[in-house]
Structure formats: C-alpha cells, structure tokens
Amino acid sequence: MTTTDRPARSDSGEPGGRFAPVDSRVDFVAMEQDTLKWWNDNDMNARYRAKNENAEKRFSFIDGPITANNPMGVHHAWGRTYKDLFLRFRNMQGYRQRFQNGFDGQGLWVEVEVEKDLGFKSKHDIEDYGIGRFVEECKARVERFAGIISDQSTRLAMWMDWDDSYHTMADDNNYAIWQFLKSCHERGWIYEGRDSMPWCPRCGTGLSQHEIVTEGYQEITHNSVYLKFPLVDRENESLLVWTTTPWTLAANVAAAVHPENTYVKVRNNGEIFYLGKELLNVLNVLNGDVDVLKELPGSKLVGLKYRGPFDELPAQAEAREAHRVLEWDDVGEDEGTGIVHIAPGAGAEDFQLGNEHGLPIIAPLTEDGDYIDGFDWLSGRNVSEVNDDIFKSLEDKGVLYSIVPYKHRYPVCWRCNTELVFRLVDEWFIGMDDLREPMKDATRSINWVPSFGRDRELEWLDNMHDWMISKKRYWGLALPIYKCQGCDNVDVMGSEAELKERAIEGWDQFEGHSPHRPWIDAVKIACSGCGETVSRIPDVGNPWLDAGIVSFSTLKYGSDVGYWKDWFPADWISESFPGQFRNWFYSLIAMSAALEDTAPTKAVFSYALMRDEAGEEMHKSRGNAIWFEDAADKMGVDTMRWLYTRQNPSSNLNFGYGPGDEVRRQFIIPLWNVYSFFVTYANLDAWDPAAADDPAVTGERSDLDRWLLSELNRLVGRVTEYLETWRPMETMRTIEEFIDGLSNWYVRRSRRRFWRSESDADKQSAYATLYTALTTLTRLLAPITPFLSEEMYRNLVTRVDGNAPDSVHLSDWPVVDESAVDDDLSDSVNLARRLASLGRSARASSRLKVRQPLAELLVDVRTDRERSFLPLIESQLKEELNVKAVSDARGQGGLLSVSVKPNLPVLGPKYGRDMQTIRGALEAADPVELATASERGEQISLGEFTLEPDEILVEHAGLEGFAVAVDAGYAAGVRTDLTPELEAEGTVRELVHHVQNLRKSAGFEISDRIDLYVEASDEMIAPLRAHETYVRIETLADTVSYGKAPASAHVEDTDVNGAVARLGVSKSR
RNA sequence: GGGCUUGUAGCUCAGCCGGUUAGAGCGCCACUCUGAUAAAGUGGAGGUCGAUAGUUCGAGUCUAUCCAGGCCCA
C-alpha cells in the first residue's frame, strides 16, 4: 500500500507564498473587467503593437471593413475573434504588423437607417430636408457606430490600433477609387448602359446583380392572372397568357413561345385557346370541359398577330401594330401557359428579347414606381396599388380568363423589403470582359481556406456580368464621371488635383469639403471633346467599390509607394463566406487585377453563418438573437472566443448560453482548477520558480513528468503548425485533449507527490514540470483566451520573475524542445490510460470497487511495440486499478479463447490479391496453434504460404476466474477471487475512506492529528489491527482504540462493506 | 438545368496519407470519488458511416450514379 503525508495547511495560498492566492471559485466575467482596466491603465494594447515594430519579417493583414451602421453582434464577434487570434499569434511570433481596423460607412444601408430616424418615406423627403444636411447625418451616424463598435471590440479583447481605423468614407479612400475608375476609363471599360433592371420604388434606385442575389428574395403570394390575347383575323380564337406581374400588361409588346414545344388548340366554354400541351391541366383545373382540337409545334404560332390587353392607351401607339408571337428558347413548360407575355420596358429578359427583335419599348414607370403620362387612368398611380383595377379593366374588356393566387420567390429590396419592379434605366458599368481572366488567375493564386472557396469564386467570375457601379442616391462615393450633354464625350477624374486643374467653376464652393454630394456637384469642368461646361453625373458609387479599394487606399498606393510595396499583397484576409465571393472578395480581386494584375492577398480564410443554439437563424423579431454585450457579461469573452475558435469554420456555428456553459465546464474550469491546485501547494511549500530550470531538478524527472513535457512539446508543435495553416478548430481540439490529460492524468496521479511534507527531488520535479506546463500553456492560450492567460501569466511569471514581460501578450510564442519529445513515452502512457479504462470496465462488470485490491491484472495489446511498453506502465496500472500484479495475457496458460487475425498493413502490400486466400486459411486453421507459434516467434505455415510471426495478430478473451473487458483488440482482465488477505486490505481501505469523511464532517483541518476509536465486530477489527500503521498514517491518527469512543469525540455509524462500524474521532493533544 | 457543399450515435459534430474491431461532447442509465470540488471522474446503452455500383488485398475515407438537405447561379 502507498502511504502519504498530508499538506501542512488547508487553505489555498497563505500570504507569504510567492504567488497570489487563487480562488478556485472565480468570477471570470469580473476578472475580465479587472484585466481590461489593467490593460487600459498600463497602455498594454499600444505596447503589444509596438513589440515588433522594428522586426524584419512582416505579417500583412487587411481588414475587411465592418459596416458602421449598427452595433456589432455576436456573429461579428466570431469573425473578429479569428482576426484577433491570428494577429496575436503572429505578434507573439515576432512579426511586424499594421493592426488597422476598417469601417465601412458609405451606402444605401446608412441612408435607410438615417431616413428611419428622421421619419422619411421617400427620396423627396431627403431633397426637401437638404442633401447636405442629410449627408452630414449619415457621416455622424457612421462616426457614432464606429465608436460603439470600437468599444465593443475592446471588450472582446481585440487589439487593433483603434485610433487609426480606416473609413471607406474618408477622402483618401474615395480618391483612390477615382484613380481606379480613371484607369478603367483609359482602357475603355467604363460605359453608360440602358437596361431593364430590378428597381426599388421606395429607395428610387436600381439594384445591382450583387445585391439582388445575396438576400433579395422572399416567398410572396401574388394574384397571378390568366388572360386572353385575341388573335387578329381569327374570330373567337385567343392565345392564353399568364403573368404574375399584372402591372406590366400595360407595357405589353409581344408574346413568346418555344418553337419546339408542343402546343394545343382547344375549345373551352365556347372559345378557342392556344396554349402549351404540357400546361393543359391548367384549364382542367380552372374550368372543366376541354376539347383538344389539334396539336402543333410552337413554330406554327410564331408570327401570329394579336390584340394587346391595353391597346387603347396612348402609350401603346407604337406597339399596337407590332403585337405578334415570337420564338424564344427560354420559354418553359413548367408553369403558366407556355405562352409568355413580353414587356421589354418592364423585364430584364424581355428587354433583351425586345432588342433582338427590334421591338418598340414601353417604359411605364417613374423612379417612384408611378405610371408616367400616356397611360390614361393609370398615369400617376403607383405600381403597388393598381392590380385590382387592372383585373377589372381586363374583365370589362372580356379578356380576363382567371385570377389565381400564386406563391413564389419574388425579389425585394434587401434594405427596405419593398417589392422590386423592373425598370428601364440608364446606369454606369465597368465592362468586365477584359478583367475576367486576370481575376481568375488572381483567384487561382490565392490559398483559399476552406479550399472550396476557390471554386466558388471562379464560378462567380464565370457568371459575372458587367459591374453596375452607379446608384441614384445621395450618400456615397461621388462617381468622378463627367458626361458632356453636347457631344456625349465622357471625362473621368482620377484625383482631387486633376479635378482642381480641370475645374472651371464651383471649386470655391467645394474646397474644404469631403468629396461627397452636394458639395462636389458644384464643380464643373470643360469637356475635353467640345469645351462645353460639364457637370458630374449625379450618381453615387456602388459600396463594394469602397471596400474593394482598401488594399490600395489603406496602404498608401497613391501617396507612398514604398509603404504600399512593403505591405502589399496581404498575407491573409478573413471574412464570412456567404456573400463575400460576389462582394468583398470580388471587388478586392477586381481592383487588384485591374490596377496591378495580381492578387490582393496570399490567403483567404472564410467561415460560415451563426445560428442560435437550436440551429435556427437568429432574428431580433424572433427573440432568439443574442446581443454582444449580454453574451460578454453572462458567459465571458474568453468562453465566447473558445466557442468561436473550436468551431469548424466551414459549417454554421450554433451559438448560445448552453454551448457556452459547456465550454466553461469542460475546459475553462478544469484548466483553472489545475492552476489553482498548483498555486495552492506551491505557496504552501514556498516553492521557488527559479528552481524550475535547476539541472538538479530537471535531471531527476520521473516518467510521468517526462510524459507531460513530451505531450507539452508535441502540443506546441501541433498548435504552431495548425495556426500557421489557418486551422483554428484543430488547434482547439488539440489543446482540449492536452488539458484533459493534464487534469485527469497528470495532476490526478501527481497529487500525492505535492502532499509530502519533505522537499525531495521528486516533489521538486513535480512542481517544475507542472509550472513549465502551465506557463507554456498560458502563452499558447494567449491569442485565444487573452484574459484567462493574462491572469495566469501575471501571477505565475510576471509576479515572480523581474525579467519577464508585464503581460503574456508581450511574451514570445513557445518553441518546441525536440529533446523533450518522446513518442514511445507518450504512446506508452496513452496505452496505460486505455488499459486502465478497460480494467475499470472489467471491475465494473463484476462489481468490484477500485478500493478493493485484487491479485492480478492480465492485459492483451495489439502490437509488439505496445507489448514492449508493458513493463514501463506496469506500476501505473497497479496504482490505477489497485492490483498486486500485472501480466501479459500472452504468457498465460488456460486461455478460454484465442482469435487470430491477419496483420493487414503488413500482409496487404506483401501479398496483394492472395490476401483473400490467406484470410480464408487463417479462419480455417486452429487459432491456438497459430497463436502459440506466433508467440514463440516461429514461422507459420499456412497451406502454400509461410507467414512471419508478426504477420498475424493474436487476441485473447474470457479467462476463467477473471472479469474481462475487450475493446478494439485490447483486453484487460482482473482476477476476481479474493484471498482473505486481499479482503482484509479492502476492508481497511474502506474504513480509512470513512474515517476521512468523518474528519471532514467533524470540521477538522487537513493537518489536524486525531485519536481514532473503532467500535465494531472482531472480523473487522482483526484486519485493522494488522494494518494499523497504514491506518494511522492515512488518517493522521496518533492513537487507534478499539472500543467505545469518549463523549467528546465526533461519532458516526458507518456501513463498511455491509457491516456496521461505529467510528469516533477527536483531535489529539 | 449548372456550380459548390452536407449526409457518421437521440442531438451537435470530429475522423489526417485508404489499414486491424469508427470517435468526442451533450442527453440518457448506472456507479465512484468527495482536502483540485458553484465539481469532477468512471462505466454502460446507442451507429449496416444516405443508397447503389466500381477501384483496391482492404473503403466512413477514392470514383461514378442516384436519393435527401443547404447555399449560389441560370
């Protein structure tokens, strides 16, 4: 039996210890607040950023600007944790960095929020209010939220240079885009195009392809209409047409059919209709009785003339005579009638088809979605309110067939949810054809993490249309495009200086303002073509221009080329992937390809979306959204960051307080407990950390200590590699495994070493080892959990070492000590842990408590290498499983069962196809004979084959008199029969256990010495007498009396293995 | 219709280069410990790895097809 001494004192960390006492029950959130204050008081962020300012090697990170239009949410905190993690890691590794955060501030999203604040309903309200005042409000809003986000990020322990954040609304950013646009113009890519495009009547602006595909669709039910297009010169015959947008019928010009699809001519309620054969069921559903008269291909319908539903309107003057059936390959057979109504002024594809056939174009709507003049009773009315009257008009004219509610995905404005219409507009574009290949080359040169990002981006580039860069709004980049009304010549200004030079009026009014509306619009230039006075086009720019330019603008491309060359391209950028392939990643690559024909970054790291705990989307309205501040105050930022970084970035993160609790219980508290344990005992012993490196100590390390250091160095190596290859999840899982081993193997098995009262070499070694592990761990954790590691580091290192940095965040990243890595040792302990687990399972199956000593443990392992570890781990297994002996099951006779398996990794490559034969022969042979031969190291003859002894694997199971557990080729069996001596020891241990409880319930200190009284049967007392010394040492008893306890003693009746004993304790002396 | 992606235990997810009998956490059940303890530990139950075919001595892993979900594009 093992005996032990107890620590001299009971409470953790008396004054006088080297380390500050550590409360095992700590309020982590309060601790974070204290640390924040300390960082702030000591200017730690700035000192951290200055750490490598003179370093040779640099790590360039370019921040994707966060929209400064609302407070930051927990989903932003996820991405910002990644950014901070990798920047901190590189800083500890000694890289020079810029630490610049970015804010995105120009664009419609800000306008919409300001409009809401001011109670505006439309663009007219803005113009009435004054564009200048409105733009100032937008700027103020951005400044306000930039401040809020900076504060929130500070709470997140994100250490950036908060005084140097860039703004996309800043002058230099805007002028850098001018430079880009001019470069595009010089290559002939900038053009004004007329197109039918999605339009928001509320915002009064078109939406680009990027905007509409991102989050622009909703399930909406509309009243769709089936109506008749009566054929000219064919009495009583009509095309049957279907549309979900009745408001477009007033702009109808043509109808389209698929030339190769089959159509039918039918009689229905006394009328003749034409429609697609596949869609005939429409009529059955709507209106019974259908007579199919004949079938014909769509091509036979092409060219037929018809009367349009609104031919009476003046606006139809030009189209009236042009109504006819066109052929179009995109007509489908899935819905509608197979005959499509075409309104080139009110639909994108319609517009294209109209152009191909030279059709007249009727564009019915104003910016606000009102019908223009020429539409009679419709003129001046809004598109959103006319459907019922249109139906009525159709009915009056006898061309209405049916009205059917129809649910479909319909595009809406991504900012205000207004249903979009298609409108014919003039917008400015960058032609992307020349850029497509350079962009694809750049994309291919980037390391995309996860790797499928590359294919996503390439696919987008394949499908990308020309980039619409204009928006008919107020707050945004002032497009530096000057189109002459006289000669149509276009000038593009590339800089503020160029504009000043070209200005012929209005410069005085503009000077001193940011290049925004309305001030910029005062400036006029002379047309380079005809000399006329030219105004800037009134449009503002697409916001992705603003964000895309930052790899140039923030790196001083225009003002300090040396600086730009130093930091471009970025080593790494990171953003959430849904959306960014067509937004930020896209615009960044576009501008970099255009200006320098290269990629803006070496690596892109992206991650998925955040969901709530149940995997549902978070919505304010649904009440499942979590505010950043609430999360930080309730679970603590370290917990959040741990939760974020342990996630697989390519799958959605289910975030919530439940998972947060799990993280705290699973990892943070165990780690804290180890730390608290260490400090408690180190203080009791007044242990000196300076001794940690003393050769007298480090030379004496036990296997357990060497094992921990081996694991620790393996950990350092893996974590470094994982972080260098952008693999946070793997990093975290590896650390978690280490902490589990540290807590549940190393500390648990080392506890008694720390209790001894004398200071022997083994105890010194234990302190030194645990200290090394903890201090290394604090540095590994510093980028992940900045608060926890700071707290631990300052206490364990800064406090005791005058030469150490003040903060863990000023320390260097640990380096692997290869000499400490011992794979055999690591693997052998892993084997011990596995066999111990199996042994416990075996004990449990026969209901033998670990406290009951057993005679023998038999184990079986899978390989000779593992077998060679057995002597190394024998003592560990004895202690863990409380057995007297450990033996290799292979050496045992009396096996109940033996099975033999081929050693596939060895045999497979050697025999290949013959494996099936060998497998069969092995199954047929007598396993005992094979096993015996193999264990003797003899060759095994098997039909035509001769196998080497290590080419088969032998497994044993089910020994007589043993309780056995088997798993994955390993086995452990404990001898179940108890000798009287074993039983006696079991009884004594059980009794000691009860005495310990009694000491505690009596309220004694750990170090109090006692007198022990035992009143019990002779059967129980006999073994106690035999092991009295052991009992006295374990329970700190000066005396043991067998009989009634005095009245002054603390007495309890206890059940010891089914028998009752009355135990009494009192303090001695 | 095209691209990407996912499908492994009741739930959430790991699973490297193909290798012996597929793992974790949560949940559930049982037990243990109680001087690291607002705890924790141990054990158990629970899986034909979406389906089929193929490649291979060997497939959760590679290939093809299909089914089902997600995102995106037409």
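What you see is a predicted model, and the numbers here were worked out from it, not measured in a lab. Per chain, numbering begins at 1; letters A, B, ... match sequence-line order.
Between A:Phe605 and A:Tyr607, the ring-plane angle classifies as tilted under the 30° and 60° cut-offs.
Counting only N and O atoms by type, the side chains of A:Tyr675 and A:Asn795 include a donor and acceptor under 3.5 Å apart. Residues A:Glu736 and A:Trp642 bring a donor and an acceptor atom of their side chains to less than 3.5 Å of each other.
Cation-pi geometry between A:Arg582 and A:Trp460 is met: under 6.0 angstrom from the ring centre, within 45 degrees of the axis.
The aromatic ring centres of A:Trp672 and A:Phe28 sit less than 6.0 Å apart. Between A:Phe452 and A:Phe577, a ring centre-to-centre spacing shorter than 6.0 Å is recorded. Taking the six-membered ring where the residue is Trp, the centroids of A:Phe655 and A:Trp78 are separated by 6.0 Å or more. Separation of the A:Trp467 and A:Tyr586 ring centroids falls under the 6.0 Å cut-off. Side-chain rings of A:Phe351 and A:Phe422 stay apart, their centers remaining 6.0 Å or farther from each other. Close placement of the A:Phe19 and A:Phe678 rings is indicated, their centers lying within 6.0 Å of each other. Aromatic ring centroids of A:Trp544 and A:Phe585 lie 6.0 Å or more apart.
Taking atom CD1 of residue A:Ile739 and atom C1' of nucleotide B:rG25, one finds them 15 Å apart after rounding to whole Å. Separating the CE atom of A:Met729 from the P atom of B:rG25 is a distance of 16 Å, rounded to the nearest angstrom. Atom CG in A:Leu609 sits about 10 Å away from atom P in B:rC71, given to the nearest Å. Going from atom CZ of A:Phe678 over to atom P of B:rG35 covers 22 Å, rounded to whole Å. One atom, CE of A:Met610, and another, C1' of B:rC71, lie 18 Å apart when rounded to the nearest Å. Separating the CD atom of A:Glu457 from the C1' atom of B:rC72 is a distance of 12 Å, rounded to the nearest angstrom. Atom pair A:Asn583:CG and B:rC71:P shows a separation of 17 Å (rounding to whole Å applied). Residue A:Met732 contributes atom CE, which lies 19 Å from atom C1' of B:rG15 at whole-angstrom precision.
Judged by distance alone, with hydrogens and angles left aside, A:Ser743 brings a side-chain donor or acceptor within reach of the base of B:rA36, the pair sitting under 3.5 Å.
Rounded to the nearest Å, the gap between the P atom of B:rG18 and that of B:rC13 is 26 Å. Distance noted for atom C1' between B:rA36 and B:rG19: 41 Å (whole Å). The P atoms of B:rG15 and B:rU6 are separated by 11 Å, rounded to the nearest whole Å. Separating the C1' atom of B:rA22 from that of B:rG35 is a span of 40 Å, rounded to the nearest Å. For the P atoms, the distance linking B:rG10 with B:rA51 amounts to 14 Å, nearest Å. Taking the P atoms as reference points, B:rA40 lies 9 Å from B:rC26, given to the whole Å. B:rA64 and B:rG3 are spaced 11 Å apart, taking the P atom of each and rounding to whole Å. Across B:rG25 and B:rU61, the matching P atoms stand 25 Å from one another, rounded to whole Å.
Enclosure of atom CD in A:Glu724 by more than 12 non-hydrogen atoms of other residues, nucleotides or ligands within 6.0 angstrom is indicated.
Consecutive Watson-Crick or G-U pairing (both distances under 3.5 Å) extending over three or more pairs maps onto RNA chain B as B:1-7 with B:67-73, B:10-13 with B:23-26, B:28-32 with B:40-44, B:50-54 with B:62-66.
Within the nucleic acid shown, A:Asp462 has no heavy atom closer than 4.0 Å to any nucleic acid atom.
When the nearest nucleotides of RNA chain B are assigned to A:Glu730 and A:Glu662 by heavy-atom distance, the more 5′-ward of the two goes with A:Glu730. In this structure, A:Arg733 and A:Arg611 both approach RNA chain B, and ranking their closest nucleotides by distance from the 5' end singles out A:Arg733.
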Encode nucleotides 37-44 of chain B as B, S and - characters from 5' to 3', where the letter depends on protein heavy atoms closer than 4.0 Å: B to the base, S only to sugar-phosphate, - to neither.
SB-SSSSS
Give the B/S/- string for nucleotides 3-11 of chain B, one per nucleotide from 5' to 3', where a protein heavy atom under 4.0 Å of the base yields B, of only the sugar-phosphate yields S, and otherwise -.
SBS------
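When each of B:rG35, B:rA74, B:rA14 is scored by its nearest atom to the side-chain atoms of A:Ser651, the top-ranked nucleotide is B:rA14.
In this structure, B:rC62 is classed as anti because its glycosidic torsion departs from zero by more than 90°.
For A:Thr725 (side chain) and A:Tyr722 (main-chain N/O), a donor-acceptor pair under 3.5 Å exists by modelled atom type.
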